[in-house]
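Have a look at the structure below before the remarks.
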Amino acid sequence: MRSILKRMAGAACLLLAGILPAVSQQKAVEEKDLAAYLFVYFTGNHISEEAVCFAVSMDGYSYWALNGGKPVLDSKVISSTGGVRDPHILRCEDGKTFYMVMTDMVSGNGWDSNRAMVMLKSTDLVNWTHTVVNMQKRYEGQEQLKRVWAPQTIYDPEAGKYMVYWSMQYAGGPDVIYYAYANADFTDLEGEPKPLFIPENKLSCIDGDIVYKDGVFHLFYKTEGHGNGIKVATTRSLTSGQWKEEPDYKQQTKEAVEGAGTFKLIGQDKYILMYDVYMNGRYQFTETTDLQHFKVIDNEVKMNFHPRHGTIIPITRDELLRVTEKWGKPAELGGLPNNPVLPDFHADPEILYSKQTQKYYIYSTTDGQPGWGGWYFTAYSSTDLKHWTYEGVMLDLKSEQVPWADGNAWAPCIEEKRQKDGSYKYYFYYSGNPKQGGGKQIGVAVADSPVGPFTDLGHPIITDSPTGGGQQIDVDVFTDPVSGKSYLYWGNGYMAGAELDKDMLSVKKKTIKVLTPEGGTLEDYAYREAPYVFYRNGVYYFLWSVDDTGSPNYHVAYGTSDSPLGPVKVAEKPVILKQDPAKEIYGTAHCAVVNLPGTDEWRIVYHRIHKWFLKQDPGVHREVCIDALEFNQDGSIEPVTVMN
């Protein structure tokens, strides 16, 4: 037994954790926001190799080491032995907290030398707090304990707690997988360890890895010392003791294997099962859709490192940027994703650069609701247009904050105005559904900060169509740098514009003009909605959206004028932002524009349809993107290169 254990621990093993239990992940992180994979592992049996390393992948098949393959955490700092092995990482229920657990062990001290595990916690994947839990010190009656191996964590929905499970062996007995619940701070275990799974034959099992799928927990484990392969037991309740053991081995080889691990591919029904063919020093990778039948895919997997027992979880764009900024981007990884820039579903974005805070802000329609039924607006802030911080809900149309409306919060815009005393005011315009009915109307709320609190005027300021048809939506506000006057634009089915009064709370009705560009088709510039105006080098640029927001063809056209209230001359090449099916980018429109302070660099902010929803509710599953907006020498706008 000892020689088998030594061979097992001395061989390279790779344990890939499940993507996240489906019962927890989707509550906090939309799967569509997952953009890459993080691989957490150690590299060998020398104390210098018994440390946590990170690698990343864009596709789940090719992994590239961060930090030049060197550890990202110091084992001497986080452990009691000076070495750690078998790291397992889990994203928590809130979507932003991460737990890691690992074996506290230096193999050079002997395979039966360790008695502890390490528990770590982070909210950014970069900075970690740590606690050592030594079983013999934590619990009484542990004198015969020989080893504590390969802990993992999973959320137990029945208990509402995080379960830590691991294998332990006592003198003269088999390896058994135990469990205990973590405390609320993830710094200790609660209660006495209890057996989680004991096979019917009562023989040793190690390297437990639990995957949740379709209401069932699947426990992959190694039959240690008796078959040395991967088997599965299933249950619908983790602590029920009611496990159904499947008789067959899951590895697709006749050779001995260990260290099974699974994770789900983003946006697919496929899972990856990996295991270590440790007698030959190689790994085998398989695909499955049902966790029952597996197909070998060895030729599709690449790595520039040699990992040992670790785990993989999917991460978001922001999390990928964070870890690569901290530990460097591997050259093999290629370009990092630029878009979408916000999590969840958002549409009709407005962007503001605030002179008061020197930050950028994005406001948008809250999307993902049937019938465009979002009822509140949120704000996100950034200092660099790459990393965005959620600032919370800043206007709620179903609350007392907006007395005249009861929902359908659409397409906002905002203007920053410096007051005579040097302070700032923020005027937030939006469309809402009036309580008394009669179709969409436009209101305004005011604050002293870009993120509020905002106080609504109490009644709408645009209630009727100047053309007798269309909708009073898609409002835009623009302050002319030449005259200092501010203007409001709006309209679905028509484009209207008017000068705002000095208080910014009403329009001068006598100045209302219909500015709708004439002509065009759905292939070029036929006006539908979403006017947007900005000024550059003596020219007033008018942008608008063409076609329906649920159409892949939804795109942006433009024209120019020498006045804030037109007339608008359609550009010779009017289409500047459109879909790129080769990149799986669709429905790119309803935009805003921002000038980077002190430069002639510009960015266009827009929404697109998420590619997974092209055939089902495309118009309410949109996401916000940012790309470069560039100009030719004659001032015309170049077509935007849309980026993923």
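Of the residues listed (Lys513, Lys509, Lys510, Lys508), the one engaging Glu499 in a salt bridge (charged side-chain N to carboxylate O under 4.0 Å, His left out) is Lys508, and it is the only one. Partner of Tyr540 under the ring-ring contact (aromatic ring centres under 6.0 Å, His included) criterion, out of Tyr535, Tyr558, Tyr487: Tyr535 alone. Checking each of Thr549, Asn408, Asp348 against Thr365 for a side-chain hydrogen bond (donor to acceptor under 3.5 Å, both in side chains) leaves exactly one that passes, namely Asp348.
For the atom pair NE2 of His607 and NE2 of His346, the computed distance is 13.0 Å after rounding to the nearest 0.5 Å. One finds the CG atom of Leu543 at 4.5 Å from the SG atom of Cys591 (value rounded to the nearest 0.5 Å). With rounding to the nearest 0.5 angstrom, the NE2 atom of His610 is 14.0 Å from the CG atom of Asp617. Between Phe377 atom CZ and Leu395 atom CG the span is 6.5 Å, to the nearest 0.5 Å. We find the NZ-CD1 distance between Lys417 and Ile414 to be 13.0 Å, quoted to the nearest 0.5 Å. Here the CG-OH distance, from Asp448 to Tyr424, works out to 13.0 Å after rounding to the nearest 0.5 Å.
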Review point. Checking side chain to side chain contact (heavy atoms under 4.5 Å, CB included) for the pair Leu125/Ile89: CA distance, chi angles, key distance, verdict?
Key: CA-CA 10 Å; Leu125 294 174; Ile89 188 169; 3.8 Å; yes
Check your understanding: Between Glu415 and Ser486, is a side-chain hydrogen bond (donor to acceptor under 3.5 Å, both in side chains) present by the stated rule, with each step listed?
Key -> CA-CA 9 Å; Glu415 189 75 352; Ser486 294; 4.9 Å; no
Point to revise | Chi angles and distances behind the side chain to side chain contact (heavy atoms under 4.5 Å, CB included) call for Leu505, Tyr427 | key: CA-CA 8 Å; Leu505 301 178; Tyr427 299 89; 4.2 Å; yes
Exercise for review: Please assess Glu518 against Tyr525 for the test side-chain hydrogen bond (donor to acceptor under 3.5 Å, both in side chains), listing each intermediate value before the final yes or no.
Suggested key: CA-CA 9 Å; Glu518 295 183 359; Tyr525 67 88; over 6 Å; no
Point to revise | Test log, rule side chain to side chain contact (heavy atoms under 4.5 Å, CB included), inputs Glu30 and His621 | key: CA-CA 12 Å; Glu30 293 281 355; His621 290 95; over 6 Å; no
Practice item. Evaluate the side-chain hydrogen bond (donor to acceptor under 3.5 Å, both in side chains) criterion for residues Asn553 and Ser551: first the C-alpha distance (whole Å), next the side-chain angles of each, then the deciding distance (0.1 Å), finally the verdict. Key: CA-CA 5 Å; Asn553 183 56; Ser551 169; 4.9 Å; no
Review point. What's the verdict on side-chain hydrogen bond (donor to acceptor under 3.5 Å, both in side chains) for Asp474 and Trp544, showing C-alpha distance, side-chain angles and the deciding distance?
Key: CA-CA 10 Å; Asp474 294 358; Trp544 60 88; over 6 Å; no
Practice item. Output, in order, the C-alpha distance, side-chain angles, deciding distance and verdict of side chain to side chain contact (heavy atoms under 4.5 Å, CB included) for Thr378 and Asp344. Key: CA-CA 12 Å; Thr378 59; Asp344 303 319; over 6 Å; no
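For Tyr37 (side chain) and Ile266 (main-chain N/O), a donor-acceptor pair under 3.5 Å exists by modelled atom type. Under the 3.5 Å distance criterion, the side-chain polar atoms of His130 are matched with a main-chain donor or acceptor of Val77. In this structure a side-chain-to-backbone donor-acceptor pair under 3.5 Å is present from Thr516 to Met495. Formation of a donor-acceptor pair under 3.5 Å by the Trp64 side chain with backbone atoms of Gly334 is not found in this model. Although no hydrogens or angles enter the test, the distance criterion places no donor-acceptor pair under 3.5 Å between the side chain of Arg608 and the main chain of Ile585. Remark: the backbone N or O of Arg322 is not paired with any side-chain donor or acceptor of Asp318 at under 3.5 angstrom. With hydrogens and angles ignored, the 3.5 Å screen pairs a side-chain donor or acceptor of Tyr532 with a backbone N or O of Val593. Looking only at distances, no side-chain donor or acceptor of Thr316 sits under 3.5 Å from a matching main-chain atom of Leu34. Between the Asn595 side chain and the Glu601 main chain, a donor and an acceptor come within less than 3.5 Å of each other. Not a single donor-acceptor pair under 3.5 Å links the side chain of Asp367 to the backbone N or O of Ala347.
Between Phe631 and Tyr541, a ring centre-to-centre spacing shorter than 6.0 Å is recorded. You'll find the ring centres of Phe428 and Tyr363 inside the 6.0 Å limit. Aromatic rings from His590 and Tyr554 are positioned such that their centres are separated by 6.0 Å or more. Residues Trp490 and Tyr429 keep their aromatic ring centres 6.0 Å or farther apart.
Nearest approach of Thr463 to Pro460, heavy atoms of both residues: CG2-CG, 3.7 Å. Between Leu397 and Ser431, the shortest heavy-atom contact is CD2-O, 4.1 Å. Of all heavy-atom pairs spanning Leu333 and Val56, the tightest one is CD2-CG2, 3.8 Å. Here the closest non-hydrogen pair linking Leu336 and Leu321 is CD1-CD2, 3.7 Å. In plain terms, the two heavy atoms of Ile362 and Val605 that are nearest each other are CD1-CG1, 4.3 Å.
Salt-bridge formation is not detected for the pair Arg603/Asp627: no Lys NZ or Arg NE/NH1/NH2 atom is positioned less than 4.0 Å from an Asp or Glu carboxylate oxygen. Using a 4.0 Å cut-off between charged nitrogen and carboxylate oxygen, Arg536 and Asp600 count as a salt-bridge pair.
The side chain to side chain donor-acceptor pair (under 3.5 Å) check on Tyr426 picks up Ser354, Gln356, Glu416, with sequence neighbours excluded.
A cation-pi arrangement, defined by a distance under 6.0 Å to the six-membered ring centre and an angle within 45 degrees of its axis, is absent between Lys32 and Trp612.
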